[in-house]
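Written out below as C-alpha cells is the structure these notes cover.
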Amino acid sequence: ANRKFIVGNWKMNGLRSALGDIGGIAKIAEQNSGVDVAICPPATLIASAAAEFPDVAIGAQDCHQASSGAHTGCLSSDMIKEAGASLSILGHSERRADQHETDADVKAKAEAVRSAGLGAIICVGETEEERDAGSAVSVVCGQLSGSFPEGADGDWLTIAYEPVWAIGTGRVPEASDVEEMHAAIRSKLGELMADGSENVRILYGGSMNGGNAAELLAVPNVDGGLVGGASLSAEKFGPIIEAA
Ligand code: 13P
C-alpha cells in the first residue's frame with residue numbers, strides 16, 4: 001500500500017495572521033511521520049510558510065503552463081518553486097468552473113510543474129447532475145485521460161477525486177461509491193501508464209473531516225485526502241492526519 005498523503009487546500013483563505021495555524025499543523029505532521037502532509041495556502045503565504053516551517057511541504061493551488069510571458073496575474077512553476085512550493089494542486093473543480101480550465105490546460109500545467117521538479121495533484125470529479133445521470137465514472141475517467149501528463153510517475157503525480165457536490169456541502173459519498181470510483185481511476189491509470197500505476201496516489205476530497213476521515217481513508221485505493229474547510233486549523237486538520 002502507498003504511504004498516506006494528507007493535503008490541505010486553503011483556497012482563498014488566510015492572511016499572515018494564519019501562519020501560526022500552519023505552524024500548528026507542521027507540528028502535528030512531525031509527530032505523524034508515517035504520513036505525508038502538505039499545506040497549500042494562498043500564493044501570498046507560500047514564501048513565508050516555507051521559510052518558517054521547513055519541515056512541512058508547502059504547495060501552490062495553481063500554476064500557469066507557460067514559463068514566463070504576457071499572462072497578467074499568473075505564476076509560473078519556477079516562481080512557485082522559488083517561493084518554496086514543492087508541489088501544486090491543478091485543475092481543481094473551482095478553477096475548472098470559475099477560470100474555465102480545460103483538461104488540456106491541466107495537462108500542460110502538470111507538465112510545467114514536472115519540468116520545474118515539483119509535484120502535481122490533478123483534481124477530477126463529477127457534478128451532481130452527472131452522478132444522477134449515471135455518468136460519474138465515465139466523466140471522471142474522461143477528465144483523467146484528458147488531463148494526464150506525459151512522463152507520469154507516482155514519484156511526482158497524485159490524483160485527487162473530488163465529487164463537486166461533496167465540496168463544502170457536508171455531503172460525502174457512500175464508501176461503496178468512493179471504492180467504485182477509486183478502483184475505476186486505478187484501472188484507468190493502468191491503461192494510461194506503461195508501468196508504476198500502482199504507485200500513483202489517489203486522494204479523496206469533499207467534506208472530509210475528523211469524524212469521517214478514518215472510514216474514507218480505509219477504503220481500498222484511497223491513498224489520502226484533499227481537505228478544504230477542515231484544513232484551516234490544527235484543531236480540525238490534526239485528527240485527519242492522525243486518522244491516516
Ligand atoms: P471541503 O473539504 O471544504 O469540502 O473542500 C474540499 C476541496 O475542494 C479540497 O480541494
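Position 1 is the first residue of the sequence, and the numbers go up from there. Numbering of ligands and ligand atoms starts at 1, following listing order.
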**Prompt:** Does a donor on one side chain and an acceptor on the other come within less than 3.5 Å for Ser233 and Asp21?
**Reply:** no
**Message:** If only side-chain N and O atoms count, and only distance matters, is there a donor-acceptor pair under 3.5 Å linking Asn2 with Arg201?
**Reply:** no
What do you reckon, does [X] have a nitrogen or oxygen under 3.5 Å from a nitrogen or oxygen of ligand 1?
X	result
Glu162	yes
Gly228	yes
Gly229	yes

**Item:** Sole residue of Glu128, Glu129, Glu126, Glu130 in side-chain hydrogen bond (donor to acceptor under 3.5 Å, both in side chains) with Trp165
**Value:** Glu126
**Message:** Would Gly168 count as a contact residue for ligand 1, given that I'm defining contact as a non-hydrogen atom of the residue lying under 4.0 Å from a ligand atom?
**Reply:** yes
**Message:** Looking at ligand 1, is there an atom of it that comes within less than 4.0 Å of some heavy atom belonging to Gly205?
**Reply:** no
**Item:** Atom indices of ligand 1, in the order listed, that fall short of 4.0 Å to a heavy atom of Ser207
**Value:** 1 (P), 2 (O), 4 (O)
**Asked** With atoms numbered from 1 as shown, which atoms in ligand 1 lie under 4.0 angstrom from a non-hydrogen atom of Gly206?
**Response** 4 (O), 6 (C)
**Request:** For a side chain to side chain contact (heavy atoms under 4.5 Å, CB included) with Ile202, tell me which candidate from Val222, Thr158, Leu189 qualifies.
**Result:** Leu189
**Residues, nucleotides or ligands: over 12 heavy atoms within 6.0 Å of Glu174 CD** = no
**Asked** Does CG belonging to Asp195 count more than 12 external heavy atoms closer than 6.0 Å?
**Response** no
**For atom 5 (O) of ligand 1, the protein heavy atom that lies nearest, with its residue and separation** = Lys11 NZ, 3.3 Å
**Fill in**
Counting heavy atoms under 4.0 Å, the part of Leu226 that contacts ligand 1 is both
**Message:** With heavy-atom distances below 4.5 Å as the criterion, would you say the side chains of Arg16 and Ser48 are in contact?
**Reply:** yes
